[in-house]
Amino acid sequence: MQNSDDKPGVPLRSATSNEEAQGAIDALLHEERVFRPLPETLSRANISPHQLAEAREQADRDSLAYWEEAAEELEWFAKWDSVLDDSNAPFYRWFPGAQCNIVHNALDRHIETANKNKLALIWEGEPGDSRTFTYYELYRHVNKFANALRSLGISRGDRVIVYMPPLPETIIAMLAVAKIGAAHSLVFAGFSAKALRDRINDSQAKCVITADGFYRNGRVVHLKSTVDEALAGVCETCAESMVVVHRANVETDMQEGRDYWYEDLVRQARPYAETEVMDASDPLFLLHTSGATGKPKGIVHGHGGYMVGVHRTFSWVFDIKPTDLFWCTADPGWITGHSYGVYGPLLNGATTVLYEGHPLYPQADRVWSTVERYGVTILYTVPTLIRMLMRFGDEYPRMRDLSTLRLLGSVGEPINPEAWVWFHKVIGKGDCPLLDTWWQTETGMFMISPLPVSLLKPGSVTKPLPGVEVDVYDENGHPVPPGKGGLLVVTKPWPSMMIDVYNDPERYKETYWSKFPGVYLAGDVARKDEDGYIWIQGRADDVLVIAGHRIGTAELESALASHKAVAEAAVIGIPDAIKGEVAKAFVLLNQDWEPSHQLTKELKEHIRRELGPVAVVKTIAYPDSLPKTRSGKIVRRILKAQELGQDVGDTSTLEH
Ligand code: PRX
C-alpha cells in the first residue's frame, strides 16, 4: 500500500448553522444528464407513463386500496378481514385474517396453467454443467423434498438453515421449507463456521441443509466440514439433523443419525405434499443483515404481505413478458436473491437464471457469455460487479452477442454515474433502460425505482413506486426542501415490510421507529432534486462532516471514479483538530496506472473540480483491495478502525 500525504487543500469556512451545513451537500455532484425512454420502449411497455401516473394518483389517494388490488392478483386460501392492522404499530400486520402460502402462488398454481411446461429455472455450474427445470419439474422436486423434511420431524413454525452455494437444490430447499410452514434462513456459503454457528443459535434452527462442496473460481470449496465445525458449539436443541446435497464429490464424513444425503431422502419420499395453510403474517424467512454496520440482526418476513409486494414490484419494474429470461446475479443468500432471484420471478411465472460460480471465471467474459448462451433479456446486478467488469474494458462485451438484453438493473449501493453510463452504453447499447432500484433487506421489495418508461438520471434512483411514500427529513423530523440533503424515511407502511427482528422486538422498534414516531428510518442519507428525484448518498454512518459541511462518501467516491485512472474508491473521515473531520481516500487503479505523487495531486484537483471547494480529500492511499461484505459492499468502518488503530469489531460477514 502506498500513501501519499500532500498538503491539505483549500481551507474551509466553518458552517454557522445546521442549515448551512445541510446546504453544502447540495452543491455537490453536478450530474445533469437525462435519458428519455425511446419510442420502442414506450410502445412495448406493459405500464405506460399514463398508467403509472394514474397508479401514483390512486395510491396517493388511498394506498390501502392500491395494495388490495395488487393482492387480488394472487390466490388466497381465505381473504383478509382488512388490508392493514396498525393497532399495534410499529408491528404492522398486513392482510389480517387472510390465509395463504407463498409457495402456492410461486409454484402450485402454475401447474394448472400454461406455465406448467415452461422453464422456471436455468441453472449453470461454474465448470459449465447446466440443468433446467420446468415449473412442473420444480414442483415435483419441491413436493418430494417437503415430504423428506417432514420425515425428519420438521414442521410448521420451525426454522431451517440453508447454507448452500447457488444450486437448484437451494431454491428447492427454500420452497420446500416454506411449503411445510417452516421458516428458511439462508446463510451465504462463503461465511465462516462461526458466522454460521451464530445464525443457527440466533434462529434456534432445527435442521441445516448444505452441500458437500461447490465450485468457486476454479477450486472446490468444502462446505459440509464447515457445518460440522459450526455444529460443534451450537445450542443443545439446535440442528438435530443435517441434509447434504451431492455437488462436488468431495470426501464427506456423515454422522449416523444426524446427517442424511439429500438424494437418499428424496428417493424415498412420496411425490405429493400438502401445502401448509399459513396466516398472512406467519414467518416465511429470517435473513441476517449483511452487517456492514455492526452485529447482524435476524430480519423476519411473512408470507402474505411479502408476496404481494414482491409480485407487484417485480412485474412492474421489470415489465415482465412471457418470453423473458431474467438473470439476477445476486446469490440466493442475500435479500436480492430471495425477492428477485427466486420469489419475484416464480410468483410471476417467469424464467430465472442461477449461476453457481465466480463472475470472472474462467475469464472476464463469463457474465457476457452467459447472457449470450441463454439469451438473457433482463440483467439485474450490483455496481461493484459493473465496476469490476468495466476495468477489463469494452473488448469482452463487444465479442459477445448481447442483443437479447432489453432491460438492465442495479441494486445495493449508489451507482456512480460513470459506471451507469458504461453499463447503459456498452452493455445496453444505449437502448436498454437502466433501472436503479433502492430497497433493503428490511423493506423486502423495491421502494424507489424507475419503470422502463421513466425518465432516467444516472446516479438517481428516481421516484418511489406507487403505494410507497418516502421523504427526506432533517434531524428534527421536518421534510427538507428540494435540493437539500437529509435522512431518508418511509412515511407509510408497505406490504412487504419486515415483521420483526427475530427474538428482539425492542431492537426492531429502537433501530427503525424511534427517531421519528410513526416513520421508518432507513439509515440512508439522500436528497431530492427539483423534479422529486431521489439521490442516495450512502448510509448515514458514512457521511463526513468536514468543517461543518456534510458530504456523502458516495459523492466523493463517485467523483474519484469519474477519473480515468480510478477503478474503485472508498472514502472515510478521520478526526481532525481544526476541521472536525478530513477525508481519506483508498483508491484501486485501473490496469496500466501506477500510484505517484503526481497522480495523487491530479486526483485531488479532479475532486475539487467535480464537487467544488468543500470537497477536500487530504490523503490518498493505493491499497491492493478494499474490505467488502460478501455481497460486495465496501465496509468503511473497517478502513476507519484500521486507520485509527481501533478494534475492527465483528468481521464475520466480510470477504477474506
Ligand atoms: O444503503 C442502501 C443500499 O443498501 C442498503 C440495504 O442493504 P441490504 O439490506 O443489504 O440490501 C441490499 C439489496 C436490496 C440500503 O440501505 N442500497 C440498496 N440499493 C441501493 C442502495 N444505495 C444506493 N442505490 C441503490 N439502488
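Sequential numbering from 1 along the given sequence is applied to the chain's residues. Both counts, for ligands and for their atoms, begin at 1 and track the order of listing.
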Atoms in ligand 1 flagged as close to [X], the criterion being non-hydrogen separation under 4.0 Å:
{"X": "Thr437", "value": "19 (N), 20 (C), 25 (C), 26 (N)"}
{"X": "Val461", "value": "24 (N), 26 (N)"}
{"X": "Pro414", "value": "22 (N), 23 (C), 24 (N)"}
{"X": "Val411", "value": "13 (C), 14 (C), 19 (N)"}
{"X": "Lys633", "value": "3 (C), 4 (O), 5 (C), 6 (C), 7 (O), 8 (P), 10 (O), 12 (C)"}

[X] (side chain) donor-acceptor with [Y] (main chain) under 3.5 angstrom:
{"X": "Thr313", "Y": "Gly309", "result": "yes"}
{"X": "Thr210", "Y": "Tyr163", "result": "yes"}
{"X": "Ser339", "Y": "Thr336", "result": "no"}
{"X": "Asp324", "Y": "Ile378", "result": "no"}
{"X": "His301", "Y": "Thr441", "result": "yes"}

Problem - is_close_aromatic(His424, Trp420), centroid dist under 6.0 Å - result: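 When the ring centroids of His424 and Trp420 are compared, they turn out to be within the sub-6.0 Å range.
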
Looking only at distances, please establish whether an N/O atom of ligand 1 is found under 3.5 Å from an N/O atom of [X].
{"X": "Ser410", "value": "no"}
{"X": "Ile536", "value": "no"}
{"X": "Thr336", "value": "no"}
{"X": "Gln440", "value": "yes"}

Exercise for the section: Between Gly412, Ser339, Gly409, flag the one that comes closest to atom 19 (N) of ligand 1 by a heavy atom. Expected result: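 Among Gly412, Ser339, Gly409, the closest heavy atom to atom 19 (N) of ligand 1 belongs to Gly412.
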
Practice task
Between Ile299, Leu287, Thr441, flag the one that comes closest to atom 8 (P) of ligand 1 by a heavy atom.
Solution key: Thr441

Practice task
Decide if atom CZ of Arg33 counts as having more than 12 heavy atoms of other residues, nucleotides or ligands within a radius under 6.0 Å.
Solution key: yes

Practice task
Would you check whether Asp524 reaches within less than 4.0 Å of ligand 1, judged by its heavy atoms?
Solution key: yes

Exercise for the section: Give a yes/no on ligand 1: does Gly523 have at least one heavy atom closer than 4.0 angstrom to it? Expected result: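 Checking ligand 1 against Gly523, which is what was asked, there is no heavy-atom contact under 4.0 Å.
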
Handout entry: Which segment of Glu413 sits under 4.0 Å of ligand 1 when only heavy atoms are counted
Key =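 Answer for Glu413: backbone.
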
Completion exercise
Contact region, Ile415 to ligand 1, non-hydrogen atoms below 4.0 Å, reads neither

Problem - Arg527 charged N/C atom sitting above Tyr533 aromatic ring, 6.0 Å / 45° - result: no

Problem - Nearest atoms (heavy-atom pairs only) where Val525 meets Leu487 - result: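 Heavy-atom minimum between the residues: CG2-CD2, 4.4 Å.
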
Exercise for the section: With the side chain counted from C-beta on, respond yes when Tyr66 and Pro466 share a heavy-atom pair under 4.5 Å apart, and no when they do not. Expected result: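 Contact flag for Tyr66/Pro466 side chains = yes.
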
